[in-house]
Novice: 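Got a structure for you, questions after.
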Amino acid sequence: MAIETGKIRNVGVVGHGGVGKTSLVEAMLFAASAVTRLGRVDDGGTTTDFDPDEVKRKISINTAVAYCDVKGHRINLVDTPGYGDFIADARAGLRVVEAAVVVVDAVAGVQVQTEKVWKFCGEFELPRAIVVNRLDRERSDFFRTLESLGRRLKGRIVPVHIPVGEESGFRGFVDLVTQRATLYADGKATEADVPAEAADRVKEWREKLVEAAAETDDDLLAKYLEDGSLAEAEMLKALRTGISQGRIVPVLCAVATKGIGCQALLDLIIHEFPSPVDRGEIGGTDVKARQAGTRAPEPRAPVTALVFKTLSDPHIGKLSLFRVYSGTLRADSTLLNPGRGAKERMGHVSWLQGKTQKNVETLGPGEIGVAQKLKETQTGDTLSDEGQPFELPRITFPEPAINFAIQPKSRGDEDKISLALARIAEEDPTVHHHFDPETKQLLISGVGSLHVEMTVERMKRKYNVDVALLPPRIPYKETVKGRAEGQGKYKKQTGGRGQYGDTWLRVEPLARGGGFEFVDDIFGGAVPRNFIPSVEKGVRDCMKKGILAGYPVVDLKVTLYDGSYHDVDSSDMAFQIAASMGLQKVFMDAHPILLEPVMNVEVTTPAEVAGDIIGDMNSRRGRIVGMEPSGETAVVRASAPMAEMLTYESSLRSMTGGRGGYSMEFSHYEEVPAFLADKIVKDAKADKEKADKH
Ligand SMILES: Nc1nc2c(ncn2[C@@H]2O[C@H](COP(=O)(O)OP(=O)(O)OP(=O)(O)O)[C@@H](O)[C@H]2O)c(=O)[nH]1
Ligand SMILES: [Mg+2]
């Protein structure tokens with residue numbers, strides 16, 4: 001029997017790296033008796049950090065799913081990574097839930113990725129609750145954290161808990177609705193009256209909670225303003241509606257590693273968070289009718305499911321994690337992947353408790369499950385009823401920001417590398433790879449350097465291919481600044497049939513982005529018609545190979561204005577060679593220059609080091625385009641040459657103590673300053689000589 005849809009709560013657990021999301025999920029599972037022992041991240045023993053890379057680094061890399069049953073409800077917890085390089089996974093996880101728990105650290109408050117996941121939640125219109133975790137740590141402060149939440153996150157954020165004790169003396173919290181305390185001692189919770197030490201705070205903050213509840217409804221607000229208070233039942237009702245509609249964001253206290261706050265959070269999830277039924281229909285494309293359509297969360301509707309994560313298990317192979325939106329998905333059924341026009345055989349389908357699968361016969365609307373060995377389906381794809389194909393909006397992933405070249409450590413491994421990378425890209429859509437014909441290198445691109453390094457480790461561990469990471473060759477281009485003209489002549493007359501081609505070429509620059517223009521300006525048949533294309537081909541081939549330093553030539557106009565031919569010896573090849581020789585010479589006379597890619601960069605940094613960020617950007621030949629201070633964080637926008645940004649990640653990390661983040665995308669090409677161009681040309685020549693020797 002599938003789980004009743006109205007009893008399901010799908011919850012994404014999101015936040016900045018290392019704030020305790022995985023620990024909190026574990027503690028909730030333990031509190032709900034879904035696991036028999038409380039696993040710890042530090043021992044590699046949690047339910048949702050099971051990947052060897054996660055165990056080794058003690059961070060979450062992949063979104064993982066676990067479930068527990070509480071008071072007749074099924075809670076699916078989607079534990080997501082918080083580290084910047086893997087944050088796309090958190091966004092994908094948020095696509096398939098009805099609500100989110102945003103975890104923040106009680107020492108650090110709101111951090112870069114907190115703001116990011118908050119935006120994701122807003123994008124998907126998810127109601128959320130905030131958990132202030134690690135309240136047992138030194139220098140933790142609930143109220144300071146609250147203040148940073150209010151300042152940096154949009155929304156009506158109000159505490160429903162007030163802590164009792166602080167730092168190592170943290171003992172529990174007071175529930176502002178019931179005005180009862182839950183105090184912990186020796187791992188046990190007991191209910192108690194509000195301790196005297198917390199009484200003032202409770203009074204103050206309860207007032208604010210009542211106010212927030214009243215504001216959800218005009219009549220209620222009028223009543224509150226008149227009477228100065230609300231009946232408890234009224235307040236609770238308003239609060240529940242406010243939270244489930246996302247108009248109120250409650251803040252709770254927790255110490256995940258001691259299980260403090262978990263029961264309260266579970267209760268909030270089942271009582272205040274919406275079920276898939278509450279979220280209602282979902283929009284998408286009716287593939288047959290070729291128009292927008294909707295699917296309702298009903299068991300008898302046609303099956304529609306979205307794959308939000310792909311994993312590869314060393315024993316089983318490919319695992320596709322999906323969420324059912326409508327209909328009842330059955331084991332051993334066949335579904336259609338309309339996006340790829342492929343039928344998929346669903347063998348076993350299961351619930352997921354971290355890496356452990358529990359096979360089930362059916363999965364109803366709102367359920368999250370996993371299927372094995374789907375052939376064509378990838379992350380972001382919809383699976384639907386064969387007869388009633390339907391596609392949900394795809395999950396999109398960010399474009400990679402950083403490129404590295406990779407080199408096989410043993411010869412002949414190229415095919416294995418491509419295969420391994422293709423498999424990894426299935427699991428992680430933010431990994432891209434391609435062969436760059438310009439630099440003749442296999443490039444691997446990712447979100448950040450940690451991400452790329454981990455991908456390389458994964459290639460070794462899972463697919464047994466060892467590669468070295470090289471900094472990529474920057475894709476420079478060549479062009480000219482001036483005009484020049486001259487002759488290119490190829491003549492060979494030794495024995496048998498000779499070769500003869502003679503061309504006069506003029507080169508001039510085109511505007512940036514102008515590409516290539518070939519002009520045939522021959523009068524009186526100095527070069528016969530049939531050889532004009534040969535000249536153009538010779539020019540194009542030569543441009544592709546590069547002249548100054550072996551980089552492709554762009555933004556160039558080449559005019560063929562004169563030439564001569566020989567009745568017998570002229571040929572297609574002879575004119576190609578002549579043109580190429582001519583271009584090489586004329587190009588060098590026309591003031592050749594190098595162009596380099598310039599990137600748009602956006603840096604988010606703690607405001608107090610924004611000055612350092614700007615200084616550093618200047619030293620990287622960057623140009624500051626704008627700066628927006630917003631409280632504790634500043635956003636610095638700049639444009640800077642790609643060549644200077646290869647090492648940015650680690651510099652930013654050390655300048656900001658790991659609190660900064662950045663994104664980067666290609667903008668345009670610009671001239672390389674002469675003092676740098678000379679060295680690039682010299683290096684390129686040396687590389688070529690080396691390559692020629694081999
Ligand atoms: N003192 C204290 N430590 C905690 C608490 N919760 C988690 N930790 C520790 O904080 C570290 C990070 O915890 P995780 O649960 O891995 O944090 P996370 O948010 O899942 O991290 P990522 O998934 O990598 O973003 C671990 O060493 C935990 O033991 C807490 O309430 N108090
Ligand atoms: Mg984690």
Side-chain angles (χ1 to χ4, degrees), residues 11-31 35 38-66 77-94 100-117 120 130-142 145 161 163 165-173 184 187 252-265 309 354-355 447-448 450-451 454 658-659 661:
V11 180
V13 181
V14 293
H16 192 87
V19 295
K21 299 175 290 296
T22 301
S23 307
L24 187 67
V25 166
E26 186 72 15
M28 284 194 274
L29 296 175
F30 185 67
V35 296
L38 181 67
R40 309 182 65 87
V41 171
D42 309 275
D43 311 333
T46 58
T47 308
T48 49
D49 276 1
F50 53 81
D51 184 285
D53 284 331
E54 300 182 316
V55 171
K56 179 178 152 204
R57 291 172 194 260
K58 302 187 172 64
I59 61 171
S60 302
I61 294 162
N62 291 304
T63 285
V65 180
L77 295 167
V78 179
D79 180 22
T80 68
Y83 202 96
D85 285 14
F86 314 115
I87 210 72
D89 234 36
R91 185 169 171 278
L94 287 172
V101 168
V102 179
V103 186
V104 295
D105 177 52
V107 179
V110 174
Q111 293 167 277
V112 174
Q113 306 306 332
T114 321
E115 286 180 326
K116 209 169 256 171
V117 296
F120 296 156
I130 296 172
V131 170
V132 178
N133 188 38
R134 310 221 278 185
L135 275 162
D136 58 335
R137 287 179 72 203
E138 235 177 82
R139 290 183 296 114
S140 64
D141 188 332
F142 181 79
T145 305
H161 286 172
E166 55 189 29
E167 300 184 339
S168 59
F170 175 79
R171 290 188 288 140
F173 53 86
Y184 291 77
L252 292 81
C253 295
V255 176
T257 37
K258 294 185 186 151
I260 302 183
C262 290
Q263 193 56 52
L265 184 57
K309 177 76 198 170
K355 66 177 168 192
V447 180
L450 175 68
H451 181 222
M454 295 217 6
R659 290 178 297 154

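Atoms within each ligand, like the ligands themselves, are counted from 1 in listed order.
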Novice: Using the test side chain to side chain donor-acceptor pair (under 3.5 Å), find all partners of Thr63 that sit at least two apart in sequence or belong to another chain.
Specialist: Asp89
Novice: For the side chain to side chain contact (heavy atoms under 4.5 Å, CB included) test, which of Thr46, Leu24, Val35 pairs with Leu29?
Specialist: Val35
Novice: Is there a donor-acceptor pair closer than 3.5 Å between any side-chain N or O of His451 and the backbone N or O of Asp85?
Specialist: no
Novice: Taking Glu26 for the side chain and Leu38 for the main chain, is one N or O donor matched with an acceptor at less than 3.5 Å?
Specialist: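 Not at all, since once roles are kept as given, no pair shorter than 3.5 Å links the two residues.
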Novice: To the nearest 0.5 Å, tell me how far Cys253 SG sits from Asp136 CG.
Specialist: 12.0 Å
Novice: Run the side chain to side chain donor-acceptor pair (under 3.5 Å) test against Lys258 and tell me which residues pass, sequence neighbours left out.
Specialist: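 For Lys258, no residue satisfies side chain to side chain donor-acceptor pair (under 3.5 Å) once neighbours in sequence are set aside.
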Novice: List of N/O pairs, ligand 1 versus protein, all under 3.5 Å?
Specialist:
from: ligand 1; atom 1: 1 (N); to: Asp136; atom 2: OD1; distance (Å): 3.2
from: ligand 1; atom 1: 1 (N); to: Asp136; atom 2: OD2; distance (Å): 3.2
from: ligand 1; atom 1: 6 (N); to: Asn133; atom 2: ND2; distance (Å): 3.2
from: ligand 1; atom 1: 10 (O); to: Arg134; atom 2: NH1; distance (Å): 2.8
from: ligand 1; atom 1: 15 (O); to: Thr22; atom 2: N; distance (Å): 3.4
from: ligand 1; atom 1: 15 (O); to: Ser23; atom 2: N; distance (Å): 2.8
from: ligand 1; atom 1: 15 (O); to: Ser23; atom 2: OG; distance (Å): 2.5
from: ligand 1; atom 1: 17 (O); to: Gly20; atom 2: N; distance (Å): 2.9
from: ligand 1; atom 1: 19 (O); to: Val19; atom 2: N; distance (Å): 3.2
from: ligand 1; atom 1: 19 (O); to: Gly20; atom 2: N; distance (Å): 2.9
from: ligand 1; atom 1: 19 (O); to: Lys21; atom 2: N; distance (Å): 2.8
from: ligand 1; atom 1: 19 (O); to: Lys21; atom 2: NZ; distance (Å): 2.7
from: ligand 1; atom 1: 20 (O); to: Lys21; atom 2: N; distance (Å): 3.3
from: ligand 1; atom 1: 20 (O); to: Thr22; atom 2: N; distance (Å): 2.8
from: ligand 1; atom 1: 20 (O); to: Thr22; atom 2: OG1; distance (Å): 2.8
from: ligand 1; atom 1: 21 (O); to: Gly18; atom 2: N; distance (Å): 3.0
from: ligand 1; atom 1: 23 (O); to: Ser60; atom 2: N; distance (Å): 3.4
from: ligand 1; atom 1: 23 (O); to: Ser60; atom 2: OG; distance (Å): 2.7
from: ligand 1; atom 1: 24 (O); to: Ser60; atom 2: N; distance (Å): 2.9
from: ligand 1; atom 1: 25 (O); to: Gly18; atom 2: N; distance (Å): 3.0
from: ligand 1; atom 1: 25 (O); to: Lys21; atom 2: NZ; distance (Å): 2.8
from: ligand 1; atom 1: 25 (O); to: Gly82; atom 2: N; distance (Å): 3.1
from: ligand 1; atom 1: 27 (O); to: Asp42; atom 2: OD1; distance (Å): 2.7
from: ligand 1; atom 1: 27 (O); to: Asp42; atom 2: OD2; distance (Å): 3.2
from: ligand 1; atom 1: 29 (O); to: Asp42; atom 2: OD2; distance (Å): 2.6
from: ligand 1; atom 1: 31 (O); to: Asn133; atom 2: OD1; distance (Å): 3.1
from: ligand 1; atom 1: 31 (O); to: Arg134; atom 2: N; distance (Å): 3.3
from: ligand 1; atom 1: 31 (O); to: Ala256; atom 2: N; distance (Å): 3.0
from: ligand 1; atom 1: 32 (N); to: Asp136; atom 2: OD1; distance (Å): 2.8
from: ligand 1; atom 1: 32 (N); to: Asp136; atom 2: OD2; distance (Å): 3.4
from: ligand 1; atom 1: 32 (N); to: Thr257; atom 2: OG1; distance (Å): 3.3

Novice: Working to the nearest 0.5 Å, report the span between CD of Gln113 and CZ of Phe120.
Specialist: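 Result: 8.0 Å between the selected atoms.
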Novice: Return all protein N, O or S atoms below 2.8 Å from the Mg ion (ligand 2), chain by chain in residue order.
Specialist: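 Protein N/O/S atoms under 2.8 Å of the Mg ion (ligand 2): Thr22 OG1, Ser60 OG.
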Novice: Checking side-chain polar atoms at under 3.5 Å, does Thr22 have a donor or acceptor matched by the opposite partner on Ser60?
Specialist: yes
Novice: Any idea how Tyr184 and Phe173 line up, ring-wise: parallel (<30°), tilted (30 to 60°), or perpendicular (>60°)?
Specialist: tilted
